[in-house]
Amino acid sequence: MTSGLWELVLKGIWVTVQLLVLSALLAAAVSFVVGIARTHRLWIVRFLAGFYTEVFRGTSALIMIFWVFFVLPPAFGWQLVPMWAGTLALGLTYGAYGSEIVRGALNSVDPAQREGGIALSFSPWQRLRLILLPQAVPEMIPPFSNLLIELLKGTALVSVMGMGDLAFSGNLVRLALQESAEIYTYILLIYFVIAFLLTRVMRGLEKKLKAGLGRVPEGGGKRLPAPRPETTAVGAEAAGGR
């Protein structure tokens, strides 16, 4: 390929990375807000969060992109640029899947940990922030890693809006060179490299978080029990102040 065509591919990679970061941030925010709402004590909050999850899990990400980009603008009188339309559609869609990861991880925390927070007179918010989330977040990392890879592959859907991501740029290069096998092989390898790097980063984050709780990731040795609330710095401070 010529330098101009390689430059086009590099721009496509940059657009894909930008879209991945923005939509991942939105998906993470949605995952935690909706996932925590799924465990709320009020049934109406649980119902609304569950309704959102079922709607976005039950619809196609591609059709959601079409809907955000082509349907919303006439209805509200404004037009989203492709980057923000893709970010919104992908973030909301994959956030619905992520909310189930958050809900499952929170529910997997040993009930004794919740009881310990109650014994320390922690409010529901304090129990969530100081006891449940620190123990649940490390368990979320492996499934979040898989979801992040799926999101990376889902970014290729934005090419239907004419957005110059990696998939769109690769197709332009293919049309210019009239060579499918070579170009699509390059594109596959680029997606693989990005996915591999993401996996390694998430694996390192998982090890760091679990090490902070005195745990060892699967395959890394004996797993130590989770610390009791009263043995943590926050728990000891709360116990000492009573």
Side-chain angles (χ1 to χ4, degrees), residues 23-58 91-152 198-239:
S23 55
L25 290 175
L26 177 59
V30 171
S31 297
F32 278 93
V33 171
V34 177
I36 292 172
R38 293 291 303 274
T39 65
H40 201 275
R41 64 181 182 276
L42 296 179
W43 73 268
I44 185 62
V45 176
R46 296 195 305 271
F47 172 79
L48 292 176
F51 179 77
Y52 166 87
T53 301
E54 294 304 323
V55 167
F56 279 87
R57 285 198 309 174
L92 293 178
T93 299
Y94 285 89
Y97 290 96
S99 67
E100 283 296 283
I101 296 174
V102 174
R103 182 189 66 83
L106 289 175
N107 288 337
S108 70
V109 176
D110 191 342
Q113 302 295 312
R114 301 173 185 267
E115 296 169 2
I118 295 174
L120 292 171
S121 301
F122 282 0
S123 67
W125 168 244
Q126 288 177 315
R127 292 198 298 271
L128 175 67
R129 181 171 61 90
L130 301 175
I131 298 176
L132 300 181
L133 282 178
Q135 297 183 61
V137 168
E139 305 301 329
M140 301 177 193
I141 300 301
F144 266 141
S145 179
N146 290 333
L147 190 61
L148 186 60
I149 301 303
E150 290 298 321
L151 177 56
L152 169 63
L198 290 174
T199 301
R200 302 312 299 175
V201 170
M202 295 296 284
R203 185 70 60 83
L205 179 60
E206 178 190 2
K207 290 181 178 179
K208 182 176 181 180
L209 291 175
K210 287 192 173 183
L213 291 176
R215 301 180 183 180
V216 179
E218 185 177 351
K222 183 178 179 182
R223 179 169 176 168
L224 301 177
R228 294 176 298 172
E230 59 268 25
T231 64
T232 63
V234 177
E237 180 179 352

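As a basis for the values below, the full set of heavy atoms in this structure was taken, side chains included, without hydrogen atoms, waters or symmetry mates. Numbers for residues simply follow the sequence, beginning at 1.
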Partners meeting salt bridge (charged side-chain N to carboxylate O under 4.0 Å, His left out) with Glu115 (sequence neighbours left out): none
Arg127: partners by salt bridge (charged side-chain N to carboxylate O under 4.0 Å, His left out), with sequence neighbours left out: none
Shortest non-hydrogen contact between Pro138 and Leu209, atoms and distance: CG-CB, 3.9 Å
Considering all heavy atoms, the nearest Ala105-Ser108 contact: O-OG, 2.7 Å
Pairwise distance CG(Leu120) to CD1(Ile131) - rounded to 0.5 angstrom: 6.5 Å
Sidechain-backbone polar pair: Arg46 side chain, His40 backbone, donor-acceptor under 3.5 Å: yes
Check: Glu206 and Ser145 side chains under 4.5 Å, non-hydrogen atoms: no
Note, Arg129 side chain near Phe122 side chain (heavy atom, < 4.5 Å): no
Note, Leu106 side chain near Leu133 side chain (heavy atom, < 4.5 Å): yes
Salt bridge (Lys or Arg N to Asp or Glu O under 4.0 Å) contacts touching residues 94-108 (sequence neighbours left out): Arg38-Glu100, Glu100-Arg103
Parallel, tilted or perpendicular: ring planes of Phe56 versus Tyr52, cut at 30 and 60 degrees: tilted
Donor-acceptor contact below 3.5 Å, side chain Gln113 vs main chain Asp110: no
Nearest-0.5 Å distance that lies between atom CZ in Phe51 and atom CD1 in Ile44: 11.0 Å
Check: Tyr94 side chain, Ser31 main-chain N or O, donor-acceptor pair, under 3.5 Å: no
Straight-line distance of Ile101 CD1 to Leu147 CG, nearest 0.5 Å: 5.0 Å
Distance in Å, Glu150 CD paired with Leu148 CG, rounded so as to fall on 0.5 Å steps: 10.0 Å
Where Tyr97 and Arg57 come nearest, the two heavy atoms and their spacing: OH-O, 3.4 Å
Heavy-atom closest contact (Leu26 atom, Gly91 atom, distance): CD2-CA, 3.8 Å
Reported CG-to-CH2 distance for the pair Leu130 and Trp125, which is rounded to 0.5 angstrom: 9.0 Å
Min side-chain heavy-atom separation Phe144-Val102 under 4.5 Å: yes
Straight-line distance of Asn107 CG to Thr39 OG1, nearest 0.5 Å: 6.5 Å
Considering all heavy atoms, the nearest Ala136-Val109 contact: CB-CG2, 4.1 Å
